[in-house]
Colleague: 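Okay, here's the structure, questions in a sec.
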Number of protein chains: 2
Amino acid sequence: MARNSQAPRIAKSRVAKSRAGIRPRPGRARNENGNAHSDLTNGEIGLDALAGHAGYAVRRFQIWVFQDFIRTLGAVDIRPTQYSVMTVIGANPGLSQMAVAKRLGIERARLVHLLDSLEQRELVSRVKSATDRRSHALHLTARGRTALAQFKRLAAEHERHVAEKIGKENREKLLQILSDFT
Amino acid sequence: MARNSQAPRIAKSRVAKSRAGIRPRPGRARNENGNAHSDLTNGEIGLDALAGHAGYAVRRFQIWVFQDFIRTLGAVDIRPTQYSVMTVIGANPGLSQMAVAKRLGIERARLVHLLDSLEQRELVSRVKSATDRRSHALHLTARGRTALAQFKRLAAEHERHVAEKIGKENREKLLQILSDFT
DNA sequence: CAACAATTGTTGTCGTCAACAACAATCTTC
DNA sequence: GAAGATTGTTGTTGACGACAACAATTGTTG
């Protein structure tokens with residue numbers, strides 16, 4: 001979607017927020033969540049409608065998961081996206097950058113930098129394709145294969161942290177619910 | 001008129017999860033050349049260990065959810081974080097920036113810019129606190145209250161999209177699983 | 001009460017990341 | 001063989017999380 005992706009940089013100062021259909025609802029329209037006029041008591045701050053939004057919970061969860069991943073794999077300096085790239089290349093040697101990007105939902109422009117970094121660390125190599133001289137066939141180096149094996153062990157440890165956090169069966173249920181997005 | 005071409009690009013692949021058996025043998029990988037011609041592998045690229053990582057699925061899902069949120073609330077130019085801030089302020093008038101930041105897991109440095117933007121659009125106002133002259137008491141403006149009501153309606157529509165995508169009961173299960181993170 | 005520590009909002013920097021746009025080199029196709 | 005599409009690349013923009021430093025203010029403690 002090229003149009004409404006995000007910031008319509010024009011409408012900065014005062015956007016036409018006052019569209020039709022806004023029921024003026026005079027008086028107090030707040031507080032469906034119980035507290036009458038809660039002030040800044042830090043004890044119990046209600047989320048109101050936010051509590052019913054899956055996106056909010058998912059965002060908070062993802063931040064936690066990624067932080068744990070980064071911490072758990074901190075010793076080998078591998079971030080989640082790098083791990084995903086290496087894993088896919090390791091399981092499918094010879095893929096083009098376009099194929100990897102499409103499979104992982106990464107911009108191919110972004111994959112360029114990721115591969116630059118991984119290639120610099122001699123974990124991945126770009127081999128010129130003989131059949132299509134535009135594209136590169138991606139492979140793990142020998143060092144990359146050894147390293148990936150260790151990354152996977154650490155990633156499995158991270159996954160155990162996730163299971164401890166939300167419960168073993170909840171984690172599996174989560175994977176099942178979101179299987180369409182992988 | 002949007003050239004919407006992004007959202008559901010991944011076909012639902014119900015590929016076997018390669019539970020315990022499929023392990024990339026340390027020897028030669030046989031996929032060496034079978035995919036020089038672009039599309040041959042489009043649906044056949046295995047995720048290997050990635051398929052068992054909740055973080056990966058969650059990342060992909062969150063991208064989808066946020067894109068839908070941004071698109072659904074595109075007409076009012078409200079992003080997920082802005083919505084969360086306004087919702088919490090609306091339900092808890094008078095909160096300090098620190099309290100809002102802590103509750104939502106946002107850096108207070110980042111909240112400054114978010115509030116600058118919302119204040120500029122006259123949706124939120126910073127009121128100097130009488131009891132603590134360091135802090136601001138945050139309130140929705142009259143316009144902000146009206147606008148938030150509309151945002152909530154649009155957000156509810158977005159939430160219906162989520163339910164359509166993953167299923168009504170799956171969405172509720174998801175909210176339940178991740179309730180600790182909200 | 002006065003030094004000292006902590007908090008609050010703010011500014012700034014850095015790095016990651018998604019989304020686009022433009023480009024050269026290279027297929028593909030008609 | 002020219003037009004159009006694809007691949008990798010460079011660059012820009014903006015949202016976002018993580019830090020660091022700072023002034024103003026509050027609180028804490030000797």
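Chain naming here is simple, since letters A, B, ... match the order of the sequence lines and numbering starts at 1 in each.
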Colleague: For B:L95 and C:dT8, give me the distance from atom CG to atom P, rounded to whole Å.
Modeller: 12 Å

Colleague: In whole angstrom, what separates B:K128's NZ from C:dT10's P?
Modeller: 12 Å

Colleague: Taking salt bridge (charged side-chain N to carboxylate O under 4.0 Å, His left out) as the test, write out the residues that go with B:R171, two or more places apart.
Modeller: B:E159

Colleague: Between the protein and nucleotides 20-24 of chain D, list the N/O to N/O atom pairs that are separated by less than 3.5 angstrom.
Modeller:
none

Colleague: Determine, for A:K152 against B:D48, whether the closest basic-nitrogen to carboxylate-oxygen distance falls under 4.0 angstrom.
Modeller: yes

Colleague: Which residues pass the ring-ring contact (aromatic ring centres under 6.0 Å, His included) test with A:F69, sequence neighbours left out?
Modeller: A:Y83, A:H158

Colleague: Can you tell me the base-pairing partner of C:dA24? Count Watson-Crick or G-U wobble geometry only, both distances below 3.5 Å, and say none if there is no partner.
Modeller: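 Matched C:dA24 with D:dT7 under the 3.5 Å cut-off.
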
Colleague: Report the distance from atom CG of A:L138 to atom C1' of D:dT7, rounded to the nearest whole Å.
Modeller: 12 Å

Colleague: Measure the distance from NZ on B:K102 to P on C:dG9 and round it to the nearest whole Å.
Modeller: 10 Å

Colleague: Quick check on D:dA15: is either OP1 or OP2 less than 4.0 Å from any side-chain nitrogen or oxygen of B:Q82?
Modeller: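 For B:Q82, the contact criterion (side-chain N or O under 4.0 Å from OP1 or OP2 of D:dA15) is not met.
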
Colleague: Is there a residue in residues 154-162 of chain B whose heavy atoms reach under 4.0 Å of DNA chain D, and which residues are they?
Modeller: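 Nothing qualifies; none.
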
Colleague: With sequence neighbours excluded, tell me which residues meet side-chain hydrogen bond (donor to acceptor under 3.5 Å, both in side chains) with A:R133.
Modeller: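 Listed in chain order: nothing, the list is empty.
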
Colleague: Measuring to OP1 and OP2 of C:dT11, would you say a side-chain N or O of B:R110 lies under 4.0 angstrom away?
Modeller: no

Colleague: Test of understanding: with side-chain contact (heavy atoms from CB on, under 4.5 Å), list the residues that count as partners of A:E172, not counting sequence neighbours.
Modeller: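 With sequence neighbours excluded, A:E172 shows a side-chain contact (heavy atoms from CB on, under 4.5 Å) to A:K168, given in chain and number order.
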
Colleague: Nearest-Å distance, CZ (A:R126) to P (D:dT7)?
Modeller: 16 Å

Colleague: Of all heavy-atom pairs between B:D132 and B:S129, which one has the smallest distance, and what is that distance?
Modeller: N-OG, 3.2 Å

Colleague: Heavy-atom distance under 4.5 Å between the side chains of B:V162 and B:I166, does that happen here?
Modeller: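 The answer is yes; the side chains approach within 4.5 Å.
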
Colleague: Checking B:D116 now: which residues fulfil side-chain contact (heavy atoms from CB on, under 4.5 Å) with it, not counting sequence neighbours?
Modeller: B:V112, B:H113, B:R126

Colleague: For C:dT10, take OP1 and OP2 only and decide whether either is under 4.0 Å from a side-chain N or O of B:Q97.
Modeller: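 Checking C:dT10 against B:Q97, a side-chain N or O does come within under 4.0 Å of OP1 or OP2.
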
Colleague: Residues two or more places apart in sequence or in another chain: which of them pass ring-ring contact (aromatic ring centres under 6.0 Å, His included) with B:F181?
Modeller: A:F61, A:W64

Colleague: Does anything in residues 62-72 of chain A reach DNA chain D, meaning a heavy atom under 4.0 Å, and if so which residues?
Modeller: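 Heavy-atom contacts with DNA chain D come from A:I63, A:Q67.
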
Colleague: Check the pair A:I106 / A:V100 against side chain to side chain contact (heavy atoms under 4.5 Å, CB included), numbers first and verdict last.
Modeller: CA-CA 8 Å; A:I106 301 174; A:V100 170; 5.7 Å; no

Colleague: Grab the two heavy atoms, one from A:L175 and one from B:A51, that are nearest each other, plus how far apart they are.
Modeller: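 In this case the closest contact between A:L175 and B:A51 is CD2-O, 3.9 Å.
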
Colleague: Which atoms form the tightest heavy-atom contact between A:L174 and B:I177, and what is the distance?
Modeller: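 Result for this residue pair: N-CD1, 4.4 Å.
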
Colleague: Would you check if B:V85 and B:L115 make a side-chain contact, meaning some heavy-atom pair closer than 4.5 Å?
Modeller: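 SC-SC contact between B:V85 and B:L115 confirmed.
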
Colleague: Are B:L154 and A:L47 grouped together when hydrophobic residues (ILVMFWY) are joined by side-chain heavy atoms under 4.5 angstrom apart?
Modeller: yes

Colleague: Provide the closest heavy-atom pair for B:M86 versus B:V124 in the form atom of the first, atom of the second, distance.
Modeller: CG-CG2, 4.2 Å

Colleague: For B:V127, what residues pass the side-chain contact (heavy atoms from CB on, under 4.5 Å) criterion, not counting sequence neighbours?
Modeller: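 Expected list: B:S125, B:A137, B:H139.
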
Colleague: Does any residue of residues 73-81 of chain A have a heavy atom under 4.0 Å from DNA chain C, and if so, which ones, in number order?
Modeller: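 Those residues are A:R79, A:T81.
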
Colleague: Can you pull out the residues from residues 111-122 of chain A that lie within a 4.0 Å heavy-atom distance of DNA chain C?
Modeller: none

